[in-house]
Amino acid sequence: VHWINWAIVVAWLLYVSIDGIRRSKGTQKLEGYFLGGRSLPWWVVGLSVMATQLSAVTMIGTTGQGAVDGMRFVQFYFGLPIALVILGVTIVPFLHGAKVYTAYEFLERRFDAKTRSLTSFLFLLSRGLSCGTIIAAPAVVFSAIFGWPLLYSVALIGVPTVIYTMIGGVQAVAWTDVKQMVLVVAALVAVVVVLLTRIPVHPDEALRLAGAAGRLRVFDFSFTLKETYTFWSGIIGGTFLMLSYFGTDQSQVQRYLTAKTVDEARSSHLISAYWKIPLQALILMVGVLVFVYYIFVTPPLYFNPAQERSVRAADPAAYSTLESRYVGAVTARATAARALAAAHRGSDDAEREAFRASDVAVNTVRTDALKQAQTVTGVPSKDVNYIIPHFVLAELPIGLTGLFIAAVIAAAMSAVAGELASLSSTTVIDFYRRWVKPEADDEHLLKVSRAATGFWGLFACGVATFAATLGSLIEVVNRFGSFFYGSILGVFILAMIKRSRANGAFFGLIAGMATVGAVSFGAPQISFLWHNVIGAVAVVAAGLLISEL
Amino acid sequence: VNETPTSKKRPSFTVVLIRVLTVEVVVLLLLGVLQSRYPR
């Protein structure tokens, strides 16, 4: 990597860190630290909400998914605009009007302390670990590509984020998120422009090739509970997931509580409602165009260089056989692609069929290669996460490579910062101030809050550093997390129904989680998006029933 | 619920819903056009 690229990355890290720290003005009080004095403009809140969701996984994993699987993942977000409009007239005015610090604090006012403590505990457990995985995903990729120890990559992302979040609180998080978001979108657009100029066929033909390979298939209207990405799971399951995420997850709730008024909180959500689907489409399109680019430029057999070294060292003969099969298949595909691009539209069935067959042949060799890698390394290959990093490092011009690396780090930082602020607020407001020192003054609580942010930052960096060792534990917690996501939404729905009582909410939550757990183990073929629907419905039904007793 | 008063009149839920859904339908139609213009 050219030094100019590193200079850009370092300059960006310094800029956001200093800018974040400068925003510590007005954070001498708890309300300033956790809620920015409830005075942030709606567009800052809105961009910050989007930045928190857009992590490094989106930049390298989702784009890679676009390259191998096409555009269909965008269906996952179809329920989001609907969910945000519903929240605008339900939970947002409730929580904003209640002048709370956390979503769970509201549950004690409406129900009781045990419901608040259980929901906030579940949040801390799942978010604490997920924060670590958000750092781990890009850190593992950086280490594999640059040959650094994992700890260095974790520190590069974690240290500046923890410092500015600790000092500047949510205000620093929100304002730096705005800059991170601008950088991320600029980098994505720049990559699209570079790709369009580098692909040796007209953009219209490039899309024709992508379409013929099935990469532009957006909609799947089949109604099946087994498939995660269909139109219906996106519209129905996705709406429940987004209602739960935006409406009840403190990492999102904290953000709209910083808005000046209910109207501004609602307006901030509308940015996501209008722009989330186009943004995801853009991210996937980057991957689709990278796929087209590698039709004409021979891609490596493995995009992950560390994996390539391992497979080559383990069995050099098998590796070179695979490689020569791969090069042959890729060359044949390039020839078929040129024939299809030159063929007359409307009478190109033979060329289209030949191109599709050649793409299947390439995929067959890739599948064999990935199986070989799994046999050698003992872990499933995640080569898809290395497609875009490889492209960026090998193909982008000097300067733009640095911009993209900075954008990946920026995406990770903004996601982590938002989560740290929410973990800290839940720890201090729902546990420390509630159970340990209810009489503590603002000054004391502020110190504890900064310490809590630091603690969760260290915790997340620790989880990220040992993510490989903790793999199965993280998986268990993620699975457990999916049991209560929809269920917590059910509790908030109950909160808005007059007839529901405290015991109904608490035991309804447990009943909902148990139902989702039973479905998850009893019918594992049901896609996780439907778990949110099942959990929310089960909690409301059980909660209302128990409230009547 | 103690809503904060505002000077501007806020568009109703129905109006906001119609606006958001209109934009979503337009975006989905564009994606549909992409899929049908460049078929498998």
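So you know, we letter chains A, B, ... as the sequences are listed, proteins then strands, and number each from 1.
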remark   = The interface call for A/Val89 against chain B, heavy-atom contacts under 4.5 Å, is side chain
task = Output, in order, the C-alpha distance, side-chain angles, deciding distance and verdict of side-chain contact (heavy atoms from CB on, under 4.5 Å) for B/Val16 and A/Leu270.
result = CA-CA 9 Å; B/Val16 176; A/Leu270 291 183; 4.0 Å; yes
key: Structural part of A/Arg345 lying under 4.5 Å from a heavy atom of chain B   = side chain
ask   = Given that the side chain runs from C-beta out, which part of B/Val27 has a heavy atom under 4.5 Å from chain A: side chain, backbone, both or neither?
value = side chain
key: 4.5 Å side-chain heavy-atom contact, B/Arg19 and A/Tyr274   = yes
query = Can you say whether A/Arg217 sits under 4.5 Å from chain B via the side chain, the backbone, both, or neither, judging by heavy atoms?
reply = both
Pairwise distance CG(B/Leu17) to CD1(A/Ile82) - rounded to 0.5 angstrom = 8.0 Å
query = Are any of the side-chain heavy atoms of A/Arg356 and B/Arg40 separated by less than 4.5 Å?
reply = yes
request  = Please flag which part of A/Phe355 lies under 4.5 Å from any non-hydrogen atom of chain B: side chain, backbone, both or neither.
outcome  = neither
request  = Say whether, by atom type as modelled, one donor and one acceptor occur between the side chain of B/Glu24 and the main chain of A/Pro81 under 3.5 angstrom.
outcome  = no
query = Of the backbone (N, CA, C, O) and the side chain (C-beta and beyond), which part of A/Phe106 lies under 4.5 Å from a heavy atom of chain B, both, or neither?
reply = neither
key: Residue-level interface, residues 201-211 of chain A with chain B, non-hydrogen cut-off under 4.5 Å   = A/Asp204, A/Leu207, A/Arg208, A/Gly211
key: Region of B/Leu28 in contact with chain A, defined by heavy-atom distances below 4.5 Å   = both
query = Are A/Val74 and B/Leu31 side-chain neighbours, meaning at least one heavy-atom pair lies under 4.5 Å?
reply = yes
